[in-house]
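Worksheet for the structure shown next.
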There are 2 protein chains.
Amino acid sequence: MKSVVPITAVEIKTACSQCNLRELCLPFGLDPGEINQLDELVGSRRKIKRQQHLYRSGDPFEAIYAIRAGSFKTDVILEDGRDQVTGFQMTGEVLGLDGISGEEHSCNAIALEDSEVCVIPFVRLEELSRQVESLQHQFHKIMSREIVRDHGVMMLLGSMRAEERLAAFLLNMSQRFTARGFSPSEFHLRMTRDEIGSYLGLKLETVSRTFSRFQDEGLVAVQQKHIRILNTPGLKRILNHHTA
Amino acid sequence: MKSVVPITAVEIKTACSQCNLRELCLPFGLDPGEINQLDELVGSRRKIKRQQHLYRSGDPFEAIYAIRAGSFKTDVILEDGRDQVTGFQMTGEVLGLDGISGEEHSCNAIALEDSEVCVIPFVRLEELSRQVESLQHQFHKIMSREIVRDHGVMMLLGSMRAEERLAAFLLNMSQRFTARGFSPSEFHLRMTRDEIGSYLGLKLETVSRTFSRFQDEGLVAVQQKHIRILNTPGLKRILNHHTA
DNA sequence: GGAGCCCTTTGATCCACGTCAATACGATTT
DNA sequence: AAATCGTATTGACGTGGATCAAAGGGCTCC
């Protein structure tokens, strides 16, 4: 048995090539050799405790981050104190793209639970994506996906009623948990009613009441942050049947 | 005088290197040699008449578009007919970034007036931006700017009142007209009250009433689509003084 | 240059969601 | 196991913006 370069357990756990999130993340579509190049680029890993900031609005932009474990929210805060949650991010998703345009971050990224991210120095990412076409393209897709997602949120905020917003939110969470190999119908929300409300443009009381109504109608079973979806088609019907 | 390749007036008018929008557009930050390379990439130009689509949701994605003259709106339409305007675009701004992620466009782009765009075939843009670092970076900035802009709209839709939304909208338009060398205080809106309302998450009646209120308060002079801003600090104050 | 139609304005009324308030639950700490 | 504090639920009431309706104004297209 050859053992020229002893590989420690930590190093193995660390590499994109060994990461079970690679199909959801930056390495998607790269061949093994290319993934190894990406491995070298992902300099370090950072652990962020629940409620702590990964970055703040105004921080200099140096890297983007791929979520390896845990979850985050991003928000924007106005001078007068009002804040708007602009997204919830799960494993394999990328954080920090907002910082590219202005050389500094334009929102806050806060861990919803103890989490870990891969630090991807942006200058080096641009460098490598000039050499690796598939990486370049995947990165562009990730940015574009963020734009499309934002359009969906604008649709939701601009023209949906409270029930529709919450139904859309639950179906979106379900779909993303599914993509990560978890149950489509049963999951644990990491964010508070207030944070959900901010994201959906509703007050926390409205979120709570709407959850209760869904429960009364047999669509979901809600127990605090634990959600069981009982009637997916019913939720989808709320989205489509606009009775106005 | 050599004249191997006769250059017609049209071709000259056509080039990025001669375009007075280059400081706002993709060529920003490139040196003259690099801009010439970009010139070769911008294959053709397309004229779009008022109310016509530049592309539709579902169209295959092949190119992005830089607006050379005129203006556009983008919108998303749900099955039940509801639609949401996701943005208004002016000269020098780029359209079509939504299409990268799914290989097809995910919204509609419609000309608000007779307009003209530069067609930038996306495969060739990726190719050239692998060679030209400054182009790559400028393209990334443009995508990132779109994400930041979307966050601003989410803030607006999620946590602002009607007056604040319209004030933010007017200040944003003013700032963009200014960047294009037009008056900061007097301009012509190309979109209807209904389109403004859709963008701001309000009904057209509310937009109209809010314009009237602004007029009563001496903040603006409104005459149909012609807007004169009389009190910019007053408008800014509406944005910051959240009396709730 | 006139007819028609879309766009805009304004008023009256309604209702979904916000606000205010009280209580209850659950996780964490001691 | 009790105390504490953030989080969630639920009720009563208020309101900003939606809806319904009607009339006037200004483009656009013949």
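Quick caveat: nothing in here was measured; it's all calculated off a predicted structure. First the proteins, then the strands, lettered A, B, ... as listed; each starts at 1.
When rounded to the nearest whole Å, the span between CG of Leu202(A) and C1' of dA16(C) equals 11 Å. The interatomic distance linking Arg213(A) (CZ) with dG11(D) (P) rounds to 12 Å, in whole Å. Per the geometry, CD belonging to Glu113(B) stands 15 Å off C1' belonging to dC27(D), to the nearest Å. The interatomic distance linking Leu166(A) (CG) with dA8(D) (P) rounds to 13 Å, in whole Å. Going from atom CG of Leu189(B) over to atom P of dG26(D) covers 16 Å, rounded to whole Å. In this structure, the NE2 atom of His226(B) is 14 Å from the P atom of dG26(D), given to the nearest Å. As rounded to whole Å, 13 Å separates atom P of dG26(C) from atom NE2 of His188(A). In this structure, Arg161(A) atom CZ and dG17(D) atom P are separated by 17 Å, rounded to whole Å.
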Do any side-chain atoms of residues 213-230 of chain B form donor-acceptor pairs under 3.5 angstrom with protein atoms, and if so which ones, sequence neighbours left out?
unit_1, atom_1, unit_2, atom_2, d
Arg213(B), NH1, Glu163(B), OE2, 2.6
Gln215(B), OE1, Val222(B), N, 2.7
His226(B), NE2, Glu186(B), OE2, 3.0

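Residue Arg56(A) qualifies as open at atom CZ: its count of foreign heavy atoms under 6.0 Å is 12 or below.
Ion pair Arg149(A)/Glu93(A) not flagged as a salt bridge, since none of the NZ, NE, NH1 or NH2 atoms sits closer than 4.0 Å to an Asp/Glu carboxylate oxygen.
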**Fill in**
Scoring nucleotides 8-13 of chain C by protein non-hydrogen atoms under 4.0 Å (B base, S sugar-phosphate only, - none) yields SBBBB-

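A distance of 12.0 Å separates CG of Asp150(B) from CG of Asp98(A), quoted to the nearest 0.5 Å.
Test Ile110(B), Asn108(B), Leu112(B), Leu95(B) against Phe72(B) for side-chain contact (heavy atoms from CB on, under 4.5 Å) and you get one pass: Leu95(B).
Residue contacts for Gly201(A): at a heavy-atom cut-off of 4.0 Å it reaches the sugar-phosphate backbone alone, with no base atom in range.
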**Item:** Working for salt bridge (charged side-chain N to carboxylate O under 4.0 Å, His left out), residues Lys49(A) and Asp114(A)
**Value:** CA-CA 4 Å; Lys49(A) 285 226 161 292; Asp114(A) 292 357; 3.5 Å; yes

